[in-house]
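Chain naming here is simple, since letters A, B, ... match the order of the sequence lines and numbering starts at 1 in each.
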Amino acid sequence: MDKAYDHKKVEQRIYERWEKSGAFVPEVNPGGEPFSIILPPPNANAPLHFGHAMYVVEDILIRYHRMKGDKTLWLPGADHAGFETQFVYEKQLQKEGKSRFDFKREDLYKNIWDFVQANRPIMESQLRKLGFSLDWTRKKFTLDEDIVKIVYATFKKLYDDGLVYRAERLVNYCTFDGTSFSDLEVVYEEQKNPLFYIKYGPLVLATTRPETKFGDTAVAVHPDDKRYQKYIGKEIEIETVLGKAKIKVVGDGFVDPNFGTGVVKITPAHDFDDFEVAKRHNLPLKQVIGFDGKMNEKAGKFQGLYIKQARSAVVEEMRKKGLLEKIDENYIHRIALCYKCKNPIEPLPLEQWFVKMKPLAAPAINAIKAKKIKMYPTRHTQTTLQFLENIKDWNISRQIVWGIRIPAWECSDCDEWTVTAGENPKSCSKCKSLIINQDDDVFDTWFSSSQWPFATLMTTGNDNDFKTFYPTSVMETMYDILLFWVARMIMMGIYKTSEIPFKDVVLHGMVKDPLGKKMSKSRGNVIDPLELVEQYGADSVRFALVYGTAFGNDQALSYPKLQATRYFANKIWNIGRFIIEFKPERYSKKISGKDREILGKTEDLARCVSESIEKYRFHDAAEALYEFIWHEFADKYVEEAKTRREVSQIVLEEVFSTLLKLLHPFMPFITEEIYQKLSPGKPLIIEKWPHFAKATRGKQSFARSSKDESANEKK
RNA sequence: GACCGUUUAGCUCAGUGGUAGAGCGCUUCGUUCACAUCGAAGAAGUCGGGGGUUCAAAUCCCUCAACGGUCACCA
């Protein structure tokens, strides 16, 4: 054996051997209890980031259960990541001086498809380099034909059940990206913007958006506001930048008499509140901003100006006409931004497909409250319930091409929609007209993702997989997509299969840069996990991510910690070297008190590690392993063994072999490599998990209790 | 505005009622015999502030503060 551990000589060779031997497929334990995790599918278009490296905790669970003899499945996949991927692709087009509008729909789709197919293998090889024991024979892609078929069928079922409807509503529209978004994809930012006080005939009102005034169809005041009661229900004459006009005054409780002047302009086509007010008072919708982000013909001479230009132009005109009473320059409010390009989101009226969420949320709420689905750390339960209890209908239409095209056709004769489970309809389902056109839009990528657990297991090619592995045991991902993904999987899973999609939701924290800042491309502080794997070895990176931070908390990437875990790997290597290569002459077959003691403590460690893994307290397990292997086994037992007259090689090897097994889920490569040298034959990955008696030793953590005992010994 | 998280040794962080811990850093010593990627010893903390419960609080309760985050339609 080399004097120091060299991961570069080991990792790839070991991984290939595991994969070829079939160790990753559940059939390796045919008689065991099912244990399954569906890997959150990484975006197919991009290399992995540090969040993905945190999937190491899934590998720990999988390897632990595999060694325990469970029929264990970890199913990998890739996500087409609709808008995200198209966005990346469009950036690339931009560099070439092109835009998506230079291509026909089919060509653009084909190009992105090729782009994704070229990138996907990178991501998959990276998962291998991290040592993840995924069953590659069952890998799925969100655009696989059989997956798409299931997504279509779900949409059809929702439609038939009256849970999907098409309606013209205000949607969150990004005029820069040219698509609408769901509420979750809107981010809010505090900004200081001028608040303009505008004269409306006899009234004055405050607004941040004077350019939308062409879309006003009323003015609202609070019904009890004495100042304005005489106007309610009447029309007032106002002078505008486009000349004289008449406008209705309505009384509505939503108006806060204490804000501004207590008068609000009602612009139903461009404001969510106003849209609701308009519904209550039967006010018309007047759209003055187009989907291109420019003022339309209803804005008169301001037509063609972008929103921001129009705002200053209108303000300037109002100033000239004396319509501007004052400007509050220090007004701070929150404005809606596109989560991706950070430009303002425009509320615009658009016909879209919506999913009625309340009926879907109710059973999900019940499942969580009844503890059929549990969350770790538990604090996330409240967040999820709060979201589900206040849920609104979900806009699932996206105006992009990269995704699953919505299987709905509009009749050009009767305007009725025909929805199918994917097949092309011959004619309109209502009037039988032959002239029908498919919706151009595609599904929100989360709509298909929400079906991932059952969609994958139904399409592995193995008919028993769904029956065997659904509901899955654990859904593990980062907490930032709890609402986007996990909550929706619960709802769609229960809707489609009448069963929960998974039992335990386990959520890891964010890996931040060494200064504790979130990694992001714009900040330029992104660290490639694979570079660290190259430098420190996969085992060290894995262990560093689990060790030293309570599971579920955010952590800053720490180079000292990576170095420490690499030293740890080297320490283990050298313990192995000592036991395997430096056999002194004085070994005996007698088992001494010291031997019995270390055997007992090792059993305690096995219990501690097992219990910690099952409670998703991976950091406890890692710390116990680190402490025991280094400071108990190596520093005390092995050191002392050098000076003893007689040493039991059997105990030495037995304990060490147990330690390798316990450590294997965390550091699979080095443990496998040493294990093969210690006892060539059966791969460690499918060895039996160490046995331990059920009895507990009290509440103290293992690491501490072992320390206390050694302190006592000295006395 | 509501909710959540964090606040413990110089740094990064464990620790949910019973005499304050780890890694890194620092000090001293040792070690040619598995490992200098080693070993032994040590210095270092009013556990954010204040109040309360308890025989006992870093840990439970109340309150305040700072930082981070999530959700919420206020023009």
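Under a cutoff of 6.0 Å and an axis angle of 45°, Lys601(A) and Tyr637(A) do not form a cation-pi pair. Cation-pi geometry between Arg169(A) and Phe275(A) is not met at under 6.0 angstrom from the ring centre and within 45 degrees of the axis.
Each of Phe484(A) and Lys3(A) was matched to the nucleotide of RNA chain B holding its nearest heavy atom; the match closer to the 5' end belongs to Lys3(A).
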At a cut-off of 3.5 Å, list every protein nitrogen or oxygen paired with a nitrogen or oxygen from nucleotides 3-5 of chain B, distance to 0.1 Å.
from  : atom 1 : to        : atom 2 : distance (Å)
C3(B) : O3'    : Gln382(A) : NE2    : 3.4
C3(B) : O2'    : Gln382(A) : NE2    : 3.4

Notebook entry, point to check: Can you give one letter per nucleotide of nucleotides 23-32 of chain B, going 5' to 3': B for a protein heavy atom under 4.0 Å from the base, S for sugar-phosphate only, - for none?
Noted result: SS--------
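Side-chain atoms of Asp273(A) and base atoms of C74(B) include no donor and acceptor less than 3.5 Å apart.
Among pairs with a residue in residues 199-224 of chain A, those fulfilling ring-ring contact (aromatic ring centres under 6.0 Å, His included) read Phe214(A)-Phe302(A), at least two apart in sequence or across chains. Counting only residues at least two apart or in different chains, salt bridge (Lys or Arg N to Asp or Glu O under 4.0 Å) contacts with residues 250-262 of chain A comprise Asp252(A)-Arg280(A). Each side chain to side chain donor-acceptor pair (under 3.5 Å) pair with one or both residues in residues 533-546 of chain A, not counting sequence neighbours, appears once here: Asp59(A)-Arg542(A).
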Next item on the list: Could you please spell out the steps behind the side-chain contact (heavy atoms from CB on, under 4.5 Å) verdict for Lys594(A) and Glu640(A)?
Entry: CA-CA 10 Å; Lys594(A) 290 273 180 201; Glu640(A) 195 250 10; 3.4 Å; yes
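Val250(A) is not listed as a side-chain neighbour of Ile232(A), based on a closest heavy-atom distance of 4.5 Å or more.
Partners of Phe543(A) according to the ring-ring contact (aromatic ring centres under 6.0 Å, His included) rule, which considers only residues two or more places apart in sequence or in another chain, are Tyr547(A), Phe568(A).
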